[in-house]
Amino acid sequence: MAVSTRFDPSAPYEVDVEDTPFAQPTGVQLLARVYRPRGEPAAPLAALVDVHGGAWSRGDHTTGALHGRALAASGLVVVSLGFRQGPDHKHPAASADVAAGVRYVRAHAGRLGVDPRRIGLVGSSSGGQLALLQAVKPGAAEHAGTPIVLPDGSLGAGPGDDSVAFVLALYPVADPLARYRYVLSRRDEPPQPSGFQAKRLIDAHDGYFADEAAMGAASVTRVLSDGQGRALPPAWVAQPELDDNVPAAITEALVAAYRQAGGRIERVHFAGARHTFIQNAGADTDKAIALMRDFISAQLTRG
């Protein structure tokens with residue numbers, strides 16, 4: 001099995017950036033931002049499909065620029081997705097687009113210089129939920145149907161391999177229903193200095209999910225606990241100490257369910273950090289990127 005010889009957690013490769021259409025569901029063109037180490041690869045590279053946060057209603061393919069570029073500088077191809085969001089689109093539209101993003105990278109492996117057997121997912125906040133859900137439910141019928149842009153420029157809506165070799169999630173909303181009930185309990189609070197706004201989060205949940213049943217169906221923790229998981233790729237999860245957007249109990253329940261299902265998952269505690277820290281340069285972001293590089297390196301070495 002070919003494993004990239006260029007991946008080096010300490011290597012400062014120059015990075016090329018390109019925006020390109022990757023999918024077109026119901027006439028909506030979706031863009032991806034591709035971060036790629038400059039030059040011809042010595043061997044096929046591992047790839048990372050990046051799924052942004054924003055409570056399923058904000059952000060785009062440019063949101064993950066800081067960590068996307070930094071991880072690509074280690075010798076990875078990083079593909080940051082834009083996808084359909086609420087309130088214009090309901091669950092599972094975003095999940096179908098994330099699945100399409102994985103299929104797109106695999107279909108374009110030759111052009112991108114990617115090893116199709118070494119594709120992972122990374123997501124932040126709501127994007128962490130989307131990444132984890134795709135990781136544990138590859139091939140799910142409800143995630144099918146988003147046509148991808150094929151190498152010849154045509155659209156392909158047929159089934160394809162949307163499985164991943166590993167998954168990373170930063171402060172994921174792993175259980176949307178649990179988080180919804182948490183923010184409902186705080187709905188009468190004014191906006192907090194931390195940036196927490198209960199009304200905004202309630203509106204975002206209501207905008208993307210049809211009802212609480214849909215939130216429950218999208219819960220990665222519930223999928224695992226109910227034995228509905230189709231795969232258990234190695235997982236890495238970051239939980240900030242001062243995260244009042246995703247309480248630590250939600251992450252701990254995910255970790256317990258993943259392990260109970262038989263999967264390997266690492267949880268890293270970030271003392272003094274807050275939600276969305278990965279979007280800002282600083283010591284916590286540097287630490288997270290270094291640990292993500294180490295985790296990815298370990299998965300590639302095992303391969």
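All of these numbers come straight from a predicted model, not from anything done at the bench. We count residues from 1, following the sequence as given. Worth knowing before you read on, the calculation uses all heavy atoms, side chains too, and leaves out hydrogens, waters and symmetry mates.
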**Q** Okay, side chain of Ser297, backbone of Arg293: is any donor-acceptor separation there less than 3.5 Å?
**A** no

**Q** Apply side chain to side chain donor-acceptor pair (under 3.5 Å) to Ser163 and list each qualifying residue two or more places apart in sequence or on a separate chain.
**A**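 Scan of Ser163 (side chain to side chain donor-acceptor pair (under 3.5 Å), adjacent residues dropped) gives Asp161.
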
**Q** Show the nearest heavy-atom pair for residues Gly54 and Ser126, with the distance to one decimal.
**A**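 That would be N-OG, 3.3 Å.
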
**Q** Can you list everything that forms a salt bridge (charged side-chain N to carboxylate O under 4.0 Å, His left out) with Arg181? Sequence neighbours excluded, please.
**A**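 Salt bridge (charged side-chain N to carboxylate O under 4.0 Å, His left out) list for Arg181, sorted by chain: Glu212.
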
**Q** Heavy atoms only: give me the nearest Ala131-Gly123 pair and the separation to one decimal.
**A** CB-N, 4.0 Å

**Q** Looking at side-chain heavy atoms only, is the closest gap between Val49 and Val164 below 4.5 Å?
**A** no

**Q** Roughly how far apart are Leu130 CG and Leu121 CG, rounded to 0.5 Å?
**A**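 Nearest 0.5 Å value for the CG-CG distance: 10.0 Å.
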
**Q** When you compare the side chain of Val237 with that of Glu266, does any pair of heavy atoms fall below 4.5 Å?
**A** no

**Q** Is the side chain of Arg259 donor-acceptor paired with the backbone N or O of Ile265 at a distance under 3.5 Å, no angle test?
**A** yes

**Q** Is it the case that the side chain of Thr251 and the backbone of Gln239 share a donor-acceptor pair, with hydrogens and angles ignored and the cut-off at 3.5 Å?
**A** no

**Q** Going by salt bridge (charged side-chain N to carboxylate O under 4.0 Å, His left out), name the residues that satisfy it together with Asp286, two or more places apart in sequence or in a different chain.
**A**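 With sequence neighbours excluded, Asp286 shows a salt bridge (charged side-chain N to carboxylate O under 4.0 Å, His left out) to no residue whatsoever.
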
**Q** Find the distance between CD (Gln299) and CD1 (Ile296) and round it off to the nearest 0.5 Å.
**A**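 Gln299 atom CD to Ile296 atom CD1 measures 8.5 Å (nearest 0.5 Å).
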
**Q** Donor-acceptor check, side chain of Gln85 to backbone of Ser57, threshold 3.5 angstrom: yes or no?
**A**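 Checking the backbone N and O of Ser57 against the side chain of Gln85, a donor-acceptor pair under 3.5 Å is found.
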
**Q** Residues in ring-ring contact (aromatic ring centres under 6.0 Å, His included) with Phe209, at least two apart?
**A**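 Here the qualifying residues are Trp56, His91.
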
**Q** Any side-chain heavy atom of Arg230 within less than 4.5 Å of one from Val136?
**A**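 A side-chain contact is absent here, since even the closest heavy-atom pair is not under 4.5 Å.
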
**Q** How far apart are the C-alpha atoms of Arg103 and Thr146, what are their side-chain angles, what is the distance that settles it, and do they pass the side-chain hydrogen bond (donor to acceptor under 3.5 Å, both in side chains) test?
**A** CA-CA 10 Å; Arg103 298 200 316 271; Thr146 295; over 6 Å; no

**Q** Using the test ring-ring contact (aromatic ring centres under 6.0 Å, His included), find all partners of His89 that sit at least two apart in sequence or belong to another chain.
**A**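 None.
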
**Q** Mind checking side-chain contact (heavy atoms from CB on, under 4.5 Å) for Pro92 and listing every partner two or more places apart, or none if nothing turns up?
**A** Ser95, Glu142, His143

**Q** Would you give the length of the straight line joining atom NE2 of His52 to atom CD1 of Ile278, rounded to the nearest 0.5 angstrom?
**A**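 Nearest 0.5 Å value for the NE2-CD1 distance: 15.5 Å.
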
**Q** Can Asp244 and Ser194 be counted as having a side-chain donor-acceptor contact under 3.5 angstrom?
**A** yes

**Q** Under a 3.5 Å distance rule, please check whether Glu18 uses its side chain to pair with a backbone N or O of Arg36 as donor and acceptor.
**A** no

**Q** Can you tell me how the ring of His275 sits relative to the ring of Tyr171, calling it parallel under 30°, perpendicular over 60° and tilted otherwise?
**A**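 The arrangement is tilted - the two ring planes meet at 30° to 60°.
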
**Q** Start with the C-alpha gap between Asn245 and Arg179, add the side-chain angles, then the distance that decides, and say whether side-chain hydrogen bond (donor to acceptor under 3.5 Å, both in side chains) holds.
**A** CA-CA 8 Å; Asn245 188 303; Arg179 209 279 289 272; 2.3 Å; yes

**Q** Kindly say whether Arg84 contributes a backbone atom to a donor-acceptor pair with the side chain of Asp97 at under 3.5 angstrom?
**A**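 Side chain of Asp97 to backbone of Arg84: a pair is present.
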
**Q** Checking His67 against Asp50 for the side-chain hydrogen bond (donor to acceptor under 3.5 Å, both in side chains) test, could you report, in this order, the C-alpha distance in whole Å, the side-chain angles of both residues, the deciding distance, and whether it holds?
**A** CA-CA 9 Å; His67 64 271; Asp50 176 52; 3.0 Å; yes

**Q** If only atom types and distance count, is the side chain of Asp243 paired as donor or acceptor with the main-chain N or O of Arg274 below 3.5 Å?
**A**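 No; judged by distance alone, with no hydrogens or angles, the pair does not exist.
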
**Q** Start with the C-alpha gap between Ser80 and Tyr35, add the side-chain angles, then the distance that decides, and say whether side-chain contact (heavy atoms from CB on, under 4.5 Å) holds.
**A** CA-CA 8 Å; Ser80 294; Tyr35 303 88; 3.6 Å; yes

**Q** For Tyr180, which residues count as a ring-ring contact (aromatic ring centres under 6.0 Å, His included) partner, sequence neighbours excluded?
**A** His205

**Q** Run the numbers on Val78 and Val34 for side-chain contact (heavy atoms from CB on, under 4.5 Å), then give the verdict.
**A** CA-CA 6 Å; Val78 179; Val34 180; over 6 Å; no

**Q** Output the distance between atom CG (Leu45) and atom CG (Asp115), rounded to the nearest 0.5 Å.
**A** 9.0 Å

**Q** Determine yes or no for a side-chain-to-main-chain donor-acceptor pair under 3.5 angstrom, with Tyr258 supplying the side chain and Pro234 the backbone.
**A** no

**Q** Could you tell me whether the side chain of Thr285 and the main chain of Ala281 form a donor-acceptor pair under 3.5 Å?
**A**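 Checked: no pair found.
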
**Q** Test your reading of the model: is there a side-chain donor-acceptor pair from Gln129 to the backbone of Ser125, 3.5 Å cut-off?
**A** no

**Q** Indicate the atoms forming the closest heavy-atom contact of Ala107 with Pro151, along with that distance.
**A** O-CG, 3.4 Å

**Q** Nearest 0.5 angstrom please: Thr221 OG1 to Gln260 CD, how far?
**A** 13.0 Å

**Q** Could you list the donor-acceptor pairs under 3.5 angstrom formed by side chains in residues 19-28, with sequence neighbours left out?
**A**
| from | atom 1 | to | atom 2 | distance (Å) |
| --- | --- | --- | --- | --- |
| Asp19 | OD1 | Arg33 | NE | 2.7 |
| Asp19 | OD2 | Arg33 | NH2 | 2.9 |

**Q** Working note: Val167 + Leu132, criterion side-chain contact (heavy atoms from CB on, under 4.5 Å); need CA distance, chi angles, decisive distance, verdict.
**A** CA-CA 7 Å; Val167 59; Leu132 287 163; 4.0 Å; yes

**Q** Applying side-chain contact (heavy atoms from CB on, under 4.5 Å), run through Leu254 and Leu224 and close with a yes or a no.
**A** CA-CA 8 Å; Leu254 165 72; Leu224 295 170; 4.3 Å; yes

**Q** Write down the atom of Phe83, the atom of Leu81, and the distance for their closest heavy-atom approach.
**A** CD2-O, 3.8 Å

**Q** With sequence neighbours left out, what residues match His108 under ring-ring contact (aromatic ring centres under 6.0 Å, His included)?
**A**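 In terms of ring-ring contact (aromatic ring centres under 6.0 Å, His included), with neighbours along the sequence ignored, His108 is linked to Tyr104.
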
**Q** Restricting to salt bridge (charged side-chain N to carboxylate O under 4.0 Å, His left out), what partner residues turn up for Arg186, sequence neighbours left out?
**A**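 Once residues adjacent in sequence are excluded, the partners of Arg186 under the salt bridge (charged side-chain N to carboxylate O under 4.0 Å, His left out) criterion are Glu189.
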
**Q** Can you list the residues that meet the salt bridge (charged side-chain N to carboxylate O under 4.0 Å, His left out) rule with Lys199, with sequence neighbours excluded?
**A**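 Salt bridge (charged side-chain N to carboxylate O under 4.0 Å, His left out) check on Lys199 returns Asp203.
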
**Q** Would you compute the distance between atom CH2 of Trp236 and atom CZ of Phe166 and round it to the nearest 0.5 angstrom?
**A**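 Answer rounded to 0.5 Å: 12.5 Å.
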
**Q** Where is the tightest heavy-atom contact between Ala55 and Leu201, given as atom of each residue plus distance?
**A**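 Heavy-atom minimum between the residues: CB-CD2, 4.2 Å.
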
**Q** Going by the rule side chain to side chain donor-acceptor pair (under 3.5 Å), which residues pair with Glu252 if we only count those two or more places apart in sequence or in a different chain?
**A**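 In terms of side chain to side chain donor-acceptor pair (under 3.5 Å), with neighbours along the sequence ignored, Glu252 is linked to Arg267.
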
**Q** Is it the case that one hydrophobic cluster holds both Leu168 and Leu66, taking links as side-chain heavy atoms less than 4.5 Å apart, direct or via other members?
**A** yes

**Q** Would you name the heavy atoms of Ala231 and Ala135 that are closest together and state the gap between them?
**A**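 Smallest interatomic distance, heavy atoms only, reads CB-O, 3.7 Å.
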
